[in-house]
Amino acid sequence: MAEVIRMPKMSDTMEEGVIATWLKKVGDEVKSGDILAEVETDKATMELESYEDGVLLYIGIQEKESVPVDGVIAIIGEKGEKIDDLLTEIQSGATAVQSEEGSTNQEPVTGAENDTDISSINASVVSMPKMSDTMTEGTIASWLKKEGDEVKSGDILAEVETDKATMELESYEDGTLLYVGVKEGESVAVDEIIAIIGEKGADYQTLIKLHKSKNVSTEATEAKPTADVDSQTAPATVSAPTVAPSPVVTDTNGRVKASPLAKKLAQEKGYNIAQIHGSGDHGRIIKRDVEAFVPGSQTAVASEAQAMALPKVVGEESFEEVQVSQMRKIIAKRLAESKFTSPHFYLTMEINMDKAVEARKSMNEIAPVKISFNDIVLKAAAVALRQHPKVNSSWLGDKIRINHHIHVGVAVAVDEGLLVPVVRFADNKSLAHISVEVKELAKKATSKQLQPQDWEGNTFTISNLGMFGIEEFTAIINPPDACILAIGGIKQTPIVKDGQMVVGNVMKVTLSCDHRVVDGVVGSSFLQTLKQLLEDPVRILV
C-alpha cells in the first residue's frame, strides 16, 4: 500500500523546509534507510531518510521549492500501484482548507448601506486622501473654506499636514460646503470623512451615518471587497480627492506658486513672497518657508545658485531584492518574539584585561591549541554562572526554570544569518578543550553541518563583536535563555592605577537581561564576579 512522505520537523524552530537536491527520482527503487533528498532547514542542510521499502511513485515538490512541516513531499509504494485516488484525496484536502478560508470572502455584505436609498441626495463625501506612500493619517492645519461657503472644482478646501509635508486639499465638486467633520489641529485616518459638499438643504446626515456604518461593516468583514456600486448612486458615493502635483515656483506668467496660508503669513509679516525659497513639492512655498525666512538672506543664496550651475541628474535610483532564506526567516521571527515579549534591560561594565592579556600569552606558549580571549571570557562566564544560578535560568510562563547544568551558546555569523552552537558543561571543561570545541562548532556552522544536538539546550549565550573593532553593543536575548552577554573589543585606554595615570587594556561587556527572571541586583552581581575572574584569571582555574 502506498505511503505518503511528509516534511518532518527537523529542529525545534523549523516551520518549513526547502528541497535542496533530490537523490532519488520517480521510478527508483527505495529501501528503508536510503536518503531521498537533502533538505535546507533554518539552521542546516539535512538528509531526508526513507522509512519505507518500495518504488518512488510521486514527487510533489521540486528542487529549490519550500514546503511546510507535514506538507506532502513524495509517495512510495509498490511498482505499478495506482495512486490517483490518493493524489485526489491529498488535493481535495488542500482545496477544502482553501475553500474554508475563502468562504467568508463570498458572503454578501448586508447592512444599512444596502438598504438606504441615497440616489436622491445630491451631495458627496470628501474623505482624507492618501497623500504619500507611508501616510496613515493627516492633520488639518487650516481650513480655507467654512461651512456655508460656495465651493468650485479646483478650490483649495484646507491645508493638510502629512508625515512628510504640508499639502493642499483640493475640491473636485461644485456646491456648498455643508459639513466640516474635522477641526483645525485634529488628525483623521486615511479614508475617514472630512467634509461634505452638495446642494443647500441636502440630507448630508444620512451620508454621515451611511459612511460610519460602511466602516463598521468593513471592519467586521476584515476589509473584504464589496460588490460594485450601482451607477445610480454614483453621484453620492465617497470621493477621495487627491493632491494635484505642485508646479514650479512660478508659472508661465511669472506668478509665484505658494499655498494660501503661506501667502497670508507673508502678507502679515510684510515679506515679499517672491524672495522666499519654497521647500514644498517642485519648489512651492508653504507655511514653514515663510516662518523660517530671514529678510536679506535670500540675495546671497540666489547669487550662490547663479554662480554654480547644478546638474539636473546626479544619480540613478536602483535596488536589488533577495529572497529571504529559511534561516533568516526563523532568526527574524525568534528575535522579534524575544525583543517584544521579554522585557529587556541592559547592564554595562568595564573590565581591566591587563592580567588576562598576560595570562593568555603564557597559556599559548604551552597550550596544544591557540586560546582566544573569547575562550577565556566563555570559561569565566561559565564559572560565574555557577555562583549565580538565577542568571542561568529560563522563563516558562507559570514558573522559572533554574538550570543546574551550564550550556553556553556561542553566536557564530554565517552567510545567511546567525547560528548559536552550544558548548555543553562549559564550567567543567579546560580552556584548551573549550578552544577546540568552539573552533569545530564554528566550522560546522559555516559549512551547514550542525546537527540538532549541536544547537539545542543552551542556558546562557555569548555574542562577541570585539574582533570587528566594536567597543560596546547590546544583544537581543536568545530564547529560552534569560540573559546574553555582549563582548566588545579590548582597547588601550588611560586608567588610574595606584594614583597614577597609566595605559590599560579595557574591555566593555553588556549583559542583556529578561526582567521577568533576572533583576538588576542579580545581573550586577554576576558582572562583578565576571570582572573579578577576568581581572585575575588564575581564579578561573580554581
Side-chain angles (χ1 to χ4, degrees), residues 1-106 222 321-337 414-419 448-456 479:
M1 181 178 178
E3 294 289 340
V4 176
I5 308 300
R6 298 179 181 272
M7 175 62 72
K9 189 176 179 69
M10 295 178 169
S11 75
D12 54 338
T13 59
M14 177 179 171
E15 295 183 350
E16 63 180 5
V18 174
I19 301 297
T21 308
W22 278 105
L23 303 179
K24 298 286 186 180
K25 60 182 183 294
V26 173
D28 284 357
E29 293 283 340
V30 177
K31 294 184 179 293
S32 178
D34 285 355
I35 305 302
L36 298 176
E38 290 185 340
V39 177
E40 291 182 1
T41 72
D42 56 316
K43 294 182 176 177
T45 299
M46 308 180 72
E47 296 175 338
L48 178 67
E49 184 178 343
S50 172
Y51 293 95
E52 305 291 336
D53 292 338
V55 175
L56 187 58
L57 303 175
Y58 169 77
I59 289 178
I61 302 296
Q62 302 303 313
E63 291 183 357
K64 307 306 179 184
E65 291 184 350
S66 62
V67 60
V69 171
D70 291 332
V72 176
I73 299 176
I75 297 176
I76 295 176
E78 296 179 359
K79 188 173 183 179
E81 185 176 355
K82 299 295 184 181
I83 58 171
D84 294 344
D85 292 342
L86 187 55
L87 290 174
T88 302
E89 182 181 343
I90 293 170
Q91 184 62 34
S92 63
T95 304
V97 172
Q98 294 174 359
S99 175
E100 183 178 346
E101 291 176 348
S103 60
T104 54
N105 289 335
Q106 300 174 2
E222 297 181 350
E321 293 183 351
V322 180
Q323 193 71 23
V324 179
S325 66
Q326 297 302 112
M327 183 185 299
R328 180 58 66 183
K329 286 181 183 178
I330 299 301
I331 290 173
K333 179 180 178 182
R334 284 173 60 83
L335 292 185
E337 289 174 352
V414 295
D415 291 340
E416 296 179 359
L418 196 71
L419 293 176
K448 284 192 172 184
Q449 294 178 348
L450 288 175
Q451 297 302 308
Q453 62 269 21
D454 294 326
W455 67 67
E456 294 175 348

Please tabulate, for the side chains in residues 59-75, all donor-acceptor contacts under 3.5 angstrom to protein atoms that are two or more places apart in sequence or on a different chain.
| from | atom 1 | to | atom 2 | distance (Å) |
| --- | --- | --- | --- | --- |
| E63 | OE2 | W22 | N | 3.0 |
| E65 | OE1 | Q62 | N | 3.2 |

Identify the residue among T88, I76, L57 that makes a side-chain contact (heavy atoms from CB on, under 4.5 Å) with I83. L57
Just how far is it from atom OG1 of T21 to atom CD of E47, taken to the nearest 0.5 Å? 11.0 Å
Rounded to the nearest 0.5 Å, how far apart are CG of L335 and CD1 of I330? 11.0 Å
Is any side-chain heavy atom of E40 less than 4.5 Å from a side-chain heavy atom of S325? no
Once you round to the nearest 0.5 Å, how far does CD of E29 lie from NZ of K79? 6.5 Å
Would I19 and M7 count as a side-chain contact (heavy atoms from CB on, under 4.5 Å) here? Give the steps. CA-CA 10 Å; I19 301 297; M7 175 62 72; 4.2 Å; yes
Measuring from L23:CG to L56:CG, what's the distance to the nearest 0.5 Å? 11.0 Å
With rounding to the nearest 0.5 angstrom, report the CD to CD distance, E3 to E78. 11.0 Å
Are the side chain of E81 and the backbone of A2 linked by a donor-acceptor contact shorter than 3.5 Å? yes
Scanning both residues in full, the closest heavy-atom pair of G417 with I331 reads CA-CD1, 3.7 Å
Calculate, to the nearest 0.5 Å, the distance between atoms CD and CG belonging to E52 and D34 respectively. 12.0 Å
Who passes side-chain hydrogen bond (donor to acceptor under 3.5 Å, both in side chains) against K448, sequence neighbours left out? E416
Does K25 have any salt bridge (charged side-chain N to carboxylate O under 4.0 Å, His left out) partners at least two apart in sequence or in another chain, and if so, which? D28
